[in-house]
Structure formats: C-alpha cells, structure tokens
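Structure first, commentary second.
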Amino acid sequence: MQQAICGYHLDEEAHWVAELSCGHFQHVRHDPPWQMRPWVLTTAGRNTMLGHKLNCIKCDEGAPKDQL
C-alpha cells in the first residue's frame with residue numbers, strides 16, 4: 001500500500017527513518033550500489049521528499065503502528 005512520507009527521525013544507529021502517514025516507519029538509507037537515495041543525506045533533500053509515497057509492507061500485513 002502506498003503511504004506518504006510525513007516526517008523523519010534517526011534510529012539508534014544514526015540511519016534515517018521515514019515516518020509514513022499511516023503511522024508506520026521505514027528506513028530510507030543511501031547505501032550504494034544497493035540503495036540509491038542521495039536525497040536522504042541533506043535536510044533539503046529529505047524535505048523535497050515529504051509527501052512522496054512509499055510502498056508500506058507493514059500496511060499490507062496489517063501491522064500495528066510503530067512508536068518512537
């Protein structure tokens with residue numbers, strides 16, 4: 001299910017995590033060559049992706065909302 005990014009936070013290992021409109025969290029790492037997300041490296045880049053939709057597998061599985 002597609003859900004919009006509405007915010008971000010860093011996890012305990014300093015990796016960026018997208019907060020989705022459904023209440024689930026999803027890591028958004030820039031880890032070349034496997035994951036190319038250079039936008040996650042800067043505040044401006046992350047801000048440009050607010051509202052962008054990501055596929056939320058947790059929604060598909062009916063998982064409860066994540067908590068900080």
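Worth knowing before you read on, the calculation uses all heavy atoms, side chains too, and leaves out hydrogens, waters and symmetry mates. Sequential numbering from 1 along the given sequence is applied to the chain's residues.
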Carboxylate-amine/guanidinium proximity below 4.0 Å for R37 and D31: no
Flag if over 12 foreign heavy atoms under 6.0 Å of CG, L50: yes
[Y] side chain reached by [X] side chain, heavy atoms, under 4.5 Å:
X   : Y   : result
F25 : L20 : no
C22 : K65 : no
V17 : V28 : no
K53 : Q3  : no

Side-chain donor-acceptor pair present, E19, H9, cut-off under 3.5 Å: yes
Minimum heavy-atom distance [X]-[Y], with the two atoms named:
X   : Y   : answer
C59 : H24 : SG-ND1, 3.5 Å
M36 : P38 : C-CD, 3.5 Å
M1  : N55 : N-OD1, 3.0 Å

Atom pair [atom1]/[atom2] of [X] and [Y] - distance to nearest 0.5 Å:
X   : Y   : atom1 : atom2 : answer
C6  : H52 : SG    : NE2   : 13.5 Å
Y8  : N47 : OH    : CG    : 7.0 Å
Q26 : L54 : CD    : CG    : 5.0 Å

Common cluster, W34/V40, ILVMFWY with side-chain heavy-atom separation under 4.5 Å: no
Stacked cation flag R46 on W39, 6.0 angstrom / 45 deg: no
From CA spacing to verdict: side-chain contact (heavy atoms from CB on, under 4.5 Å), H30, Q35: CA-CA 6 Å; H30 177 59; Q35 297 171 335; over 6 Å; no
